[in-house]
Amino acid sequence: MGLLKRKLSRTILVTFSDTHGGNKLGLINPDTVLYDEAEDGEKVPYKPRMTATQSYLWGLYQSHIEEVKKIAGKDRICVLHVGDLTQGLRYPQALVSTRMADQILIAIGNMEPWCKIPNVSHIRLAGGTQSHEFMESTSTILVKEQLSSEYKGKDIDLCQHGLLEIDGGFTVDYAHHGPYPGSRVWLHGNVARYYLRDLMMQDIMEGNVPPNLVVRAHYHTPIKEHLEIMGYESWLYILPSYCALGIYGRQSMRSVNRTTHGLNVYEIVGGELGRVYRLHEKVDVRTKEAI
């Protein structure tokens, strides 16, 4: 009689970031309900009008969620939002409204599709940039509290810098801020690779096992790096965003001509990394004309 094969556990890990709820060029669920006040003092619910960019991003986001569901099948899904759920008030000219509460409601609406997927077991929210989250991760805390209250069957929590262990062995180090992608296309990944080498060597020198996967965000530019040191192997991914470039973004990114939006999906089988799906869409942001 042959040996029975033990079915390996399979978990689908989803990572995305920089949705910037409240930004006119950020992600917004079209079902989000905000509130205004009528002339007689009555509270009036309304759905904010989406910009063309927001319509594009929401359609892309929905298609990515559907693709994740196909990839996962009936297997468990864990979701990491790696910072900047909201836009903050530093650049008010870019806002859907100037009311802080509206940004929280928009951010909640952006996360709700994941909460409604039956096989999503865990959702983790990483703290982002201070100016985008009303200082001290205020928006992340409020979104977490509301989602936890409404979706009691889900394990929803937050942290500033997380170290997850999935299926008894696969480790994920995640935080919002990390290495800069690179100032030139031929330099992309150099800083990230040094960053990953330093992180791995610190762990090895202290007698620890480096994380299998390191996830960072903030720069809205996807990067992938891989290193093997002394028999240990780690992958580093910097995530794209679900927010288009505004005036400040164009300035800070030195007028890049393309942006990338999307998320990453990692298949973890038996505590080891399987296939990685980078559901990304690149957009040329230049205004094209012939004269």
Side-chain angles (χ1 to χ4, degrees), residues 7-19 21 27 29 31-32 61-62 64-86 103-128 133 136-177 209 211-217 235 237 239 242 263-277 279:
K7 183 180 179 181
L8 296 175
S9 60
R10 181 174 184 261
T11 295
I12 299 302
L13 176 67
V14 180
T15 63
F16 66 105
S17 72
D18 294 280
T19 45
L27 197 65
N29 187 332
D31 293 329
T32 300
Y61 185 59
Q62 287 294 96
H64 290 164
I65 291 173
E66 290 303 311
E67 187 63 25
V68 170
K69 289 160 69 174
K70 290 178 185 177
I71 292 168
K74 295 182 179 180
D75 292 321
R76 181 171 71 132
I77 302 172
C78 298
V79 177
L80 302 183
H81 186 292
V82 193
D84 286 359
L85 282 161
T86 52
Q103 294 195 36
I104 306 302
L105 293 172
I106 291 168
I108 291 168
N110 288 340
M111 291 303 300
E112 282 190 318
W114 298 106
C115 298
K116 294 175 180 178
I117 299 173
N119 48 325
V120 167
S121 64
H122 294 71
I123 296 175
R124 291 294 180 265
L125 309 174
E133 299 197 343
E136 299 178 281
S137 297
T138 294
S139 57
T140 306
I141 293 168
L142 293 174
V143 171
K144 179 265 176 184
E145 289 299 317
Q146 182 61 34
L147 291 177
S148 296
S149 175
E150 188 168 348
Y151 298 95
K152 297 185 184 298
K154 307 296 183 185
D155 186 327
I156 303 173
D157 211 342
L158 62 87
C159 68
Q160 296 302 318
H161 189 159
L163 181 61
L164 285 179
E165 183 177 307
I166 299 173
D167 292 340
F170 188 86
T171 52
V172 184
D173 178 313
Y174 68 98
H176 184 67
H177 299 98
V209 177
N212 302 107
L213 176 64
V214 179
V215 180
R216 297 293 185 263
W235 292 87
Y237 286 88
L239 300 172
Y242 280 105
L263 53 77
N264 288 358
V265 185
Y266 315 87
E267 180 188 52
I268 301 163
V269 182
E272 295 185 358
L273 183 63
R275 286 170 293 184
V276 177
Y277 304 83
L279 307 183

If you take all heavy atoms of Gly21 and Asn110, which pair is closest and at what distance?
CA-ND2, 4.1 Å
Counting only heavy atoms from other residues, nucleotides and ligands, does the tally under 6.0 Å from CD of Glu150 exceed 12?
yes
Exam field: side chain His176 to backbone Gly127, donor-acceptor pair closer than 3.5 Å:
no
Contacts of Thr140 meeting side chain to side chain contact (heavy atoms under 4.5 Å, CB included) (sequence neighbours excluded), chain-then-number -> Leu85, Leu125, Glu133, Ser137, Leu158
CG on Asn264 to OG1 on Thr15, rounded to 0.5 Å
4.5 Å
A side-chain contact here means heavy atoms from C-beta on lying under 4.5 Å apart; do Val172 and Ile166 qualify?
yes
Within-4.5 Å side-chain heavy-atom neighbours: Tyr174 and Cys159
yes
Rounded to the nearest 0.5 Å, how far apart are CD1 of Ile108 and OG1 of Thr86?
11.0 Å
Taking every heavy atom of Lys144 against every heavy atom of Ile156, the minimum-distance pair comes out as CE-O, 3.4 Å
Using only atom types and a distance under 3.5 Å, with no angle test, would you say the side chain of Thr32 pairs donor to acceptor with the backbone of Asn29?
yes
List in chain and number order the residues that pass ring-ring contact (aromatic ring centres under 6.0 Å, His included) with Tyr237, two or more places apart in sequence or in another chain; answer none if no residue qualifies.
Tyr266
Taking everything shown except Glu136 itself, do over 12 heavy atoms lie less than 6.0 Å from its CD?
no
Can you sort out the partners of Asn212 under side chain to side chain contact (heavy atoms under 4.5 Å, CB included), two or more places apart, ordered by chain and number?
Phe170, Thr171
List the atom of Val120, the atom of Lys154, and the distance in Å for their closest heavy-atom pair.
O-NZ, 2.8 Å
For Ser17, give me all partners under side-chain hydrogen bond (donor to acceptor under 3.5 Å, both in side chains), at least two apart in sequence or on another chain.
none
Any side-chain heavy atom of His81 within less than 4.5 Å of one from Val143?
no
Thr11 meets the side-chain hydrogen bond (donor to acceptor under 3.5 Å, both in side chains) criterion, sequence neighbours left out, with Arg76, Asp167
Are the side chains of Leu239 and Arg216 in touch, meaning some heavy atoms are under 4.5 Å apart?
no
Going by distance alone, is a donor N or O of one side chain under 3.5 Å from an acceptor N or O of the other, for Tyr242 and His64?
yes
Taking C-beta and beyond as the side chain, do Leu273 and Trp235 meet within less than 4.5 Å on heavy atoms?
yes
In sequence, state the C-alpha distance, the side-chain angles, and the governing distance for Val276 and Glu267, and then conclude on side-chain contact (heavy atoms from CB on, under 4.5 Å).
CA-CA 6 Å; Val276 177; Glu267 180 188 52; over 6 Å; no
Does any non-hydrogen side-chain atom of Leu263 lie less than 4.5 Å from one of Val14?
yes
Applying side-chain contact (heavy atoms from CB on, under 4.5 Å) to Leu147 and Ile123, what does each step give before you reach the verdict?
CA-CA 10 Å; Leu147 291 177; Ile123 296 175; 5.6 Å; no
Any pair with a residue in residues 104-124 that passes salt bridge (charged side-chain N to carboxylate O under 4.0 Å, His left out), sequence neighbours left out, goes on the list, sorted by first then second residue, please.
Arg124-Asp155
Close side-chain approach of Asp173 and Leu213, heavy atoms under 4.5 Å:
no
If I take atom NZ from residue Lys152 and atom SG from residue Cys115, how far apart are they, to the nearest 0.5 angstrom?
12.5 Å
Mind listing the side-chain donor-acceptor pairs of residues 68-75 below 3.5 Å, one per line with the distance, residues two or more places apart or on another chain?
unit_1: Lys69; atom_1: NZ; unit_2: Glu66; atom_2: OE2; d: 3.2
unit_1: Asp75; atom_1: OD2; unit_2: Arg10; atom_2: NH1; d: 2.7

Minimum heavy-atom distance Ile268-Leu13, with the two atoms named:
CD1-CB, 4.0 Å
Across all chains, not counting sequence neighbours, the ring-ring contact (aromatic ring centres under 6.0 Å, His included) partners of His161 are none
Not counting sequence neighbours, which residues clear side-chain hydrogen bond (donor to acceptor under 3.5 Å, both in side chains) with Trp114? List them please.
Tyr61
Side chains of Val79 and His122: closer than 4.5 Å at any heavy-atom pair?
no
